[in-house]
Amino acid sequence: MKEPLIFDLSSPGRRACSLPAFDAPAKPLTELVPQDCLRQHDAELPEVSEIDVVRHVTRLSQLNFSVDTHFYPLGSCTMKYNPKINDRIASLPGFANVHPYQPASTTQGVLAAFDLLEQTFCAITGMDAFTLQPAAGAHGELTGLLLIRAYHTARGNPRRKVIVPDSAHGTNPSSAHLAGYQVVTVPSNKQGEVDIEKFREVLDEEVAAVMLTNPSTHGVFETHILEIAAMAHKAGALLYYDGANLNALVGLARPGDMGFDVVHLNVHKTFGTPHGGGGPGAGPVGVKKSLEPFLPTPRIARNAANGALSWSYDRPQTIGKMRTFHGSTGILIRALTYILAHGAEGLRRVSEVAIINANYIKKKLKDLYDDPFPQACMHETVLSAKLQKKQGSSARDIAKRLLDFGFHAPTIYFPMTVPEALMIEPTETESRETLNRFISAMRQIAEEIAHNPETLHNAPFTMPVTRVDEVKAARELDVNFVKRNV
Ligand SMILES: *Cc1c(COP(=O)(O)O)cnc(C)c1O
């Protein structure tokens with residue numbers, strides 16, 4: 001299973017393509033490129049044939065776990081199967097081959113698709129307007145918080161603080177900080193929900209926003225959400241909804257109806273875009289009417305007389321552009337395809353099955369693994385390996401051992417409020433047979449730990465790479481082949 005580096009496959013003079021002989025009039029290079037920009041010696045690139053590249057990359061891809069090959073219950077990441085029809089539609093030349101500088105008169109189809117997607121997101125979330133611009137979830141959060149800052153500033157005081165529960169995804173406090181706010185943490189209660197009394201204590205006239213994930217990263221629904229919203233609004237704060245994992249609610253409930261003023265969605269989790277390794281994605285942001293004037297430019301505008309769509313920059317209160325051009329077109333088209341292919345009924349089914357699957361796993365494992373929040377969960381369940389820890393194995397050992405059974409590990413050690421957390425999100429796309437195989441593996445691992453916890457310390461046993469020093473890998477990153485050989 002060992003795959004050499006592509007450099008080690010190199011053979012002098014071997015090429016992956018054949019170009020016709022160079023027949024343009026030859027000019028000295030120094031005339032074309034300034035002397036100090038010229039290479040002193042040839043680039044040390046691997047010299048390989050096309051089939052060498054194809055086989056090398058294909059073999060590498062098979063050393064990895066992926067949604068197309070393995071069950072991937074990585075909590076909060078929603079690693080579900082994404083129908084290939086999404087890719088097919090996004091590859092249509094009218095979507096794939098347009099250039100952002102093309103005149104709008106030649107890209108009416110893309111604009112109409114964006115316009116429809118904005119309206120669809122409004123209908124799904126109960127918001128009044130959407131921007132498709134942000135590049136990912138965290139980028140959507142930053143956009144949302146800048147909108148909130150602009151809103152408060154227009155009222156005379158941007159305010160200083162943002163309240164974030166202790167269970168929040170790490171991007172929430174980071175985004176609040178980036179937007180210039182002081183982060184105030186509010187603890188969770190025993191049920192894993194926001195502690196209302198503690199919330200009351202930190203809520204004051206300097207709070208610009210309350211950022212909530214509902215269901216929270218504990219996998220549980222905030223049953224006091226209406227009360228929280230009323231309290232926040234009474235203090236003049238806005239309510240921000242982290243909708244990365246809307247597959248818990250889509251078609252069942254709408255953040256707009258719960259009192260949220262700003263939401264972001266991760267289309268690369270909920271709406272059918274494959275993701276991993278950092279992208280690509282999109283984090284559309286929706287707002288209530290009062291925040292609409294601040295949305296990033298350009299906005300889609302429709303000419304009332306002839307219905308033609310165009311990009312409008314004429315928005316005096318805008319926070320400006322959040323990224324180059326108009327958004328991750330290919331990703332957004334995939335999301336629209338996914339939504340239209342499912343329809344309202346299908347989307348509701350997505351959430352229902354995601355919730356049923358998570359609860360099924362929870363029920364089948366709670367006799368062996370600690371279940372910190374015993375109420376029914378939403379689209380994911382957070383268990384704890386604290387009993388196994390007492391026996392000498394950790395959440396990390398369990399995660400590593402699962403690989404031997406052919407399962408990607410769940411998220412571990414997050415949320416940080418739960419010791420030895422195992423955050424399991426099966427998603428709606430898995431069959432009962434797959435869930436049962438995963439449950440058996442988890443039960444067998446619990447048995448192994450009870451009888452012989454030592455064996456797990458060296459797991460996985462069947463992978464091409466076993467335990468790596470994760471700290472060293474991050475601190476002493478070295479991906480330079482040439483340097484390695486000096
Ligand atoms: C994934 C996730 C984010 C961040 O989304 P990115 O697209 O990775 O930036 C934020 N909040 C929650 C709850 C998430 O699961």
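These values consider heavy atoms only, across backbone and side chains, with no hydrogens, waters or symmetry-generated copies. Counting starts at 1 for both ligands and their atoms, following the listed order.
In this structure a side-chain-to-backbone donor-acceptor pair under 3.5 Å is present from R159 to V207. Formation of a donor-acceptor pair under 3.5 Å by the H408 side chain with backbone atoms of F65 is not found in this model.
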For the pair E193 and S216, evaluate side-chain hydrogen bond (donor to acceptor under 3.5 Å, both in side chains) and give the outcome as yes or no after the intermediate values.
-> CA-CA 7 Å; E193 299 182 34; S216 72; over 6 Å; no
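A side chain to side chain contact (heavy atoms under 4.5 Å, CB included) with Y369 is found for exactly one of I424, L383, T381, namely L383.
Here K198 does not pair with E201 in a salt bridge; the nearest charged N to carboxylate O distance is not below 4.0 Å. Salt bridge annotation for E380-K269: absent, with no cationic side-chain nitrogen under 4.0 angstrom from a carboxylate oxygen.
Within 4.0 Å of ligand 1, counting heavy atoms only, the contacting residues are S76, A136, G137, A138, E141, H169, T171, D242, A244, N245, N266, H268, K269.
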